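Bear in mind the structure is a predicted one, so any value in this text is a computation, not a measurement. By convention in this document, chain letters (A, B, ...) are assigned in the order of the sequence lines, proteins followed by strands, and residues within each chain are numbered from 1.
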Amino acid sequence: MKIQDTLSNSEQKLDVSKKVRIYLCGVTVYDESHIGHARTIIVFDVLRKYLERKGIEIEFIQNFTDVDDKIINRAEIENTTAEKISIRYIENYFKDFDGLNVKRATNYPKATEHIDDIIKFIEKLIEKQIAYTSKNGVYFSVSKFPEYGKLSKKNIEELQSGARIDIDEAKNDPLDFALWKFSEKKPAWESPWGKGRPGWHIECSAMSLKYLGENFDIHGGGRDLIFPHHENEIAQSESFTESPFAKIWMHVGMVTINGEKMSKSLGNIKSIKHVLENWGPNIIRLFCLSGHYSKPIDYSEELLKENLTKWRQVETCYYELIHADGENREEVNSVMEKIKIEFSNALEDDLNTHLALSSFFQLVKEANRLAAEEKLGKEDAKIIKKEFESMLQVLGLIIPKMTENKKQEITNLITNREIFRKEKQFNEADKIRDKLNEMNVELIDHKGRTIWMKKENIKAEKF
RNA sequence: GGUACUCUGGCAGAACGGUUAUGCGUGGGCCUGCAAAGCCUAUACAAGGGGGUUCGACUCCCUCGGGUACCUCCA
C-alpha cells in the first residue's frame, strides 16, 4: 500500500510485513466534536479496517489531550474542575464516534495519565541541553534542532522574522516552545523544575514512544496540525531518540463550510451529535469518504442528500440480496472478481476512498440490475453478498438490523396485502402498504412476489 | 507578506502523456393495479486565463489570475 507522506512529499510504501503501528492525534476534550474531527477519524478508521481485512495486525493509538488552557478556561467558566470537563467530553467523544461506527483504538492514552513519562522525556532533553528552564517554564530550544521546519517546509529565519511579538521574554528564541509550563493552580504536578503542567506537543512525543516505540509506521492528524504541532513533535522526538520519528506522515484535509474551514472561532461548527441525529452514521461516512482524504471537503446539505440517495441504493441492494430466491445463474463471479480487485487497488493507492466507493456502487448497481431484471439467482446473490459485506465492513457502513419478530410481522402484513391485491381490493392493500411505510418498511414488487426493505430512519429526509 | 495546496461539465468528484471515468441532477422509457424503490437509456466537446515542451496534455514546464489552509489554539 502506498501513502502520501507529508515529510518527504512523496508516496511511500507502507511496510506490512509486520504489525503496523499508527498514532493519530485525537481531540482536545473541552467541547463537542464536529464533523471536521469526524472526517479525520473516519479516514483512519477505514485505513485501519482495510489493513485488518488484509490480515495485518494493527496497533492503533489515539490520544486525548486532557490538559490544556481551553479545558482550564472552560472549567473556570463553569466553575468546575478541568478533570470534570475532560471526563465529560471524553464520554461525549465515545458517544459520537461509537455512533459513527468507528472501531475503538487499541488504546486512548491521556496526557494526565502520563505525566511521569512526560517528565522523564523532558529531563533527558534538558540533559542533552536541547531544553532549558526559564522563569515561566521549560522550553525546547529550536536552534538546537537544525532540521526544524522540515515537515511544514518552513525555514527558521523566515519564521523568526515573521514571528508575532512574543510576550514571553523568558524564551531565548521566539520560536522556542513550551515543554512544561509553571503554574500553581488547579491541574498541576510536581516536577524537578517546579509545579506546573506539560505543554501541548510533548504528550504525543512521550506517549507515542511509550506505546509504539521509535520509528513507528504512520503518524496522522488533520492538516492543521502540521505546524506547529507535528513539527514540534518531530523536533522533540528526534532530539530524544536521535533516530527518525514516524515513517509516514499522513494528513487529512479540512472540512469546510461555504469554502471556509469549520472552526469554533468562525462559529460554523456542525457538531457530530447534530449531524448524526439528522443523517445517521452511514450518510456521514459516505460523505466523509466521497473525496480524497488529503483534500478539503465542503459540507453541505445537498451533498448529504446526494449520499442519502446512494445509501438507499445500498439498502435496496442488501435486501435484494438477502431475499433473492431465483434459480438463475448469471455467472457473476468474474464481474465480482473485477470489482473486488478495483476496490482494493483504489485503497492501495493512497487510500483513494472515492474510487473505492465507485467500485462499491458498481457492485450495488450490478446486483440491483439483476434483481430488476428478475435474474438474481440465490447462488449469485450469495457470491455478491460476500463481497458486499466485506466492502461494507471496510467502509464502516452498517445496515440496521431487525428483530425476528418484526420480520415476521412484516411478512404477515405482506401476505395479507397479497390477498387483497389478488382480489383487486387495492384500497385495502394500499392501507397495508402505508402502514408498513410508517414503519420505514418499503415494499418492492417483483414479478410474482413482493420483498421488503427496512429503510434507515433519516430525520433530515422528512424536510 | 511568506509557505503549502488547489482551480475539471448544473453540482460532486477521479484518472498521475494517448480510453473525453463515475455518481447526483435532468429528459425519456421499463417494471407496477397505481405507486414507491430499482433498473434501462439519453444528456455535458469540461479542464481558471495565456504561453510553451510533445506526434499527442486534464496530466509536464513557465507565466498571470482566483480560492483555501498554515504562519497563534485548532482534526
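- Of the candidate nucleotides B:A75, B:G23, B:U22, B:G23 has the atom lying nearest to any side-chain atom of A:K310.
- Residue A:G36 is classed as a base contact, given a heavy-atom separation below 4.0 Å to a base.
- In this structure, A:K454 forms no cation-pi arrangement with A:Y318, as its terminal cationic atom is not both closer than 6.0 Å to the ring centre and no more than 45° off the ring axis.
- The separation between A:H446 atom NE2 and B:G33 atom C1' is 18 Å, rounded to whole Å.
- Taking every side-chain heavy atom of A:H34 into account, B:A75 is the closest of B:U32, B:A21, B:A75.
- For a distance-only test at 3.5 Å, the side chain of A:K70 qualifies as a donor-acceptor partner of the base of B:C73.
- At the heavy-atom level, A:V252 lies nowhere under 4.0 Å from the strands shown.
- Seen from the ring of A:Y299, A:K270 does not count as a face-on cation partner, given the 6.0 Å and 45° thresholds.
- Nucleic acid contact for A:F227: sugar-phosphate only, since backbone atoms but no base atoms lie under 4.0 Å from a heavy atom of the residue.
- Taking the nucleotide of RNA chain B with the nearest heavy atom to each of A:G222 and A:L266, the more 5' of the two is matched to A:L266.
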Determine, for nucleotides 34-41 of chain B in 5'-to-3' order, which nucleotides have protein heavy atoms under 4.0 Å from the base (write B), from only the sugar-phosphate (write S), or from neither (write -). BBBSSSS-
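- Using cut-offs of 30° and 60° for the angle between ring planes, the A:Y23 and A:H219 rings count as tilted.
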Output, in order, the C-alpha distance, side-chain angles, deciding distance and verdict of salt bridge (charged side-chain N to carboxylate O under 4.0 Å, His left out) for A:D430 and A:K435. CA-CA 8 Å; A:D430 288 352; A:K435 187 177 171 189; over 6 Å; no
So what does the secondary structure string of RNA chain B come out as, 5' to 3', with Watson-Crick or wobble pairs under 3.5 angstrom, [ ] for crossing and | for pairs with another strand? (((((((..(((.....[...)))((((((.......))))))....(((((..]....))))))))))))....
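- The phosphate of B:G2 (OP1 or OP2) has no side-chain N or O of A:K153 nearer than 4.0 angstrom.
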Would you mind building the protein contact string for nucleotides 12-18 of chain B? One character per nucleotide, 5' to 3', B for base within reach (heavy atoms under 4.0 Å), S for sugar-phosphate only, - for untouched. SSSSB--
